[in-house]
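Bear in mind the structure is a predicted one, so any value in this text is a computation, not a measurement. Lettering follows sequence order; numbering is per chain, from 1.
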Number of protein chains: 2
Amino acid sequence: MPRDTQQIVRALKGRKLRVTPQRFAVYANLLDRTDHPTAEQILDDLNRDAPTSSQATVYSSLQALREVGLVREVLLEEGIRRYDANVAPHHHFRCEACGTIEDIAWDEIHVSVGRLRPGLQVERYEVTVHGRCESCGQ
Amino acid sequence: MPRDTQQIVRALKGRKLRVTPQRFAVYANLLDRTDHPTAEQILDDLNRDAPTSSQATVYSSLQALREVGLVREVLLEEGIRRYDANVAPHHHFRCEACGTIEDIAWDEIHVSVGRLRPGLQVERYEVTVHGRCESCGQ
DNA sequence: CTTTGTGCAAACGATTTGCAGGATG
DNA sequence: CATCCTGCAAATCGTTTGCACAAAG
């Protein structure tokens, strides 16, 4: 369910990215999923019905979107790069059974990172929680 | 500075791993560094002076060590797999400037992961802190 | 002596790159 | 119409695999 087209166009233009159909599609796709897909999954999804974008273009679009801060990379599994259009601070939960990744709202976890050992300047942090999701129960 | 040889041999045997020179070397190397090296860095380090181990062997040793719980994989950067012989629970700090990774003792950070949303069973969690290390100053 | 591990080289999968043609602002 | 982007295919990088030989227990 694509959201407001104008909004996406504005986001891209605002970041000085040319609005090409491919780039638009990649970002729109990411905005409409909460499953943190890999580049390959996005590509497959985009080309499901009709050919929309090439592999190289999806990769370069993701890179561009990441550089301008519209998309972030999520690293929770060995050698797998996932993407997320939710760039607001939040934590992640990963089901050890099925691999599903879910967002955890920032306030759901309380963290107090004092001023660690002297010399380390903290800029940001995030928590990764591992466990079992609802469907994988115990 | 290799630590007690006996200790390493015991650790391997205790996990039912044959004590080969290559496997011993990989684990010893990891025990003696705190920089969370990649497989390639370990390989280079081992073969610095004399050829010690082949690439394939380092990879398979790391996998074996990981399976028996002597080593863990650390994922903090895009597509980079690092290894750590410190398997006790702890957090990580990554300098955004130089990429250095440092361990943060478990008690240095206080986290309260309540029982998130119903259905999610928490097994473990860890915090990743991003910032600047001492040498990269402010 | 049985089983497991090593080394080599080939195979792989994901990501990147070079470049010519096409689209955007 | 200058610049940036796309698509293709080839190149690259880290990791894995198959297999014959060697070593460990």
Student check: side-chain heavy atoms of B:E96 and A:R124 closer than 4.5 Å:
yes

Atom pair distance, as rounded to whole Å: [atom1] in [X] and [atom2] in [N]:
X     : N      : atom1 : atom2 : value
B:L17 : D:dA23 : CG    : C1'   : 15 Å
A:F24 : C:dG25 : CZ    : P     : 13 Å
A:Q41 : C:dT15 : CD    : P     : 11 Å
A:I42 : C:dA14 : CD1   : P     : 14 Å
B:L62 : C:dG5  : CG    : P     : 14 Å
A:Q22 : D:dC8  : CD    : C1'   : 14 Å
B:I80 : C:dT16 : CD1   : P     : 12 Å
B:L12 : D:dG25 : CG    : C1'   : 14 Å

Tell me which nucleotide among [options] gets nearest to the side chain of [X].
X     : options                : value
B:Y59 : C:dG25, D:dT15, C:dT24 : D:dT15
A:R23 : D:dC5, C:dT24, C:dG7   : D:dC5
B:R18 : D:dG25, C:dT24, C:dA14 : D:dG25

Want to settle it: does B:G79 or B:K13 sit nearer the 5' end of DNA chain D, counting the closest nucleotide to each?
B:G79

If you pin B:E40 and B:V19 to their nearest nucleotides in DNA chain D, which one's is more 5'?
B:E40

If you take all heavy atoms of [X] and [Y], which pair is closest and at what distance?
X      : Y      : answer
A:C133 : B:L120 : CA-CD2, 3.8 Å
B:S53  : B:N47  : O-ND2, 2.9 Å
B:L30  : B:Y83  : CD1-O, 3.7 Å
A:C95  : A:C98  : SG-N, 3.4 Å
B:T52  : B:L46  : OG1-O, 2.8 Å
B:E126 : B:H90  : CB-O, 4.2 Å

Result for side-chain contact (heavy atoms from CB on, under 4.5 Å) between A:R23 and one of A:L17, A:L62, A:I8 points to A:L17

Between the side-chain atoms of A:R81 and the base atoms of C:dT15, is any donor-acceptor pair under 3.5 Å?
no

If we ignore angles and hydrogens, is there a donor and acceptor under 3.5 Å between the side chains of A:D103 and A:H91?
no

Which part of the nucleic acid, if any, lies within reach of B:T38 when heavy atoms closer than 4.0 Å are counted: base, sugar-phosphate only, or nothing?
nothing

Once you build an axis from the first five pairs and another from the last five of the helix from C:dC1-D:dG25 to C:dG25-D:dC1, how far apart in angle are they, to 10 degrees?
50°

[N] phosphate, OP1 or OP2: any side-chain N/O from [X] under 4.0 angstrom?
X     : N      : answer
A:T20 : D:dT6  : yes
A:Q63 : C:dT15 : no
B:S61 : C:dG5  : no

May I ask you to list the residues of residues 43-56 of chain A, by number, that have any heavy atom positioned under 4.0 Å from an atom of DNA chain C?
A:Q55, A:A56

Interatomic distance, B:H36 atom NE2 to B:E77 atom CD [nearest 0.5 angstrom]
11.0 Å

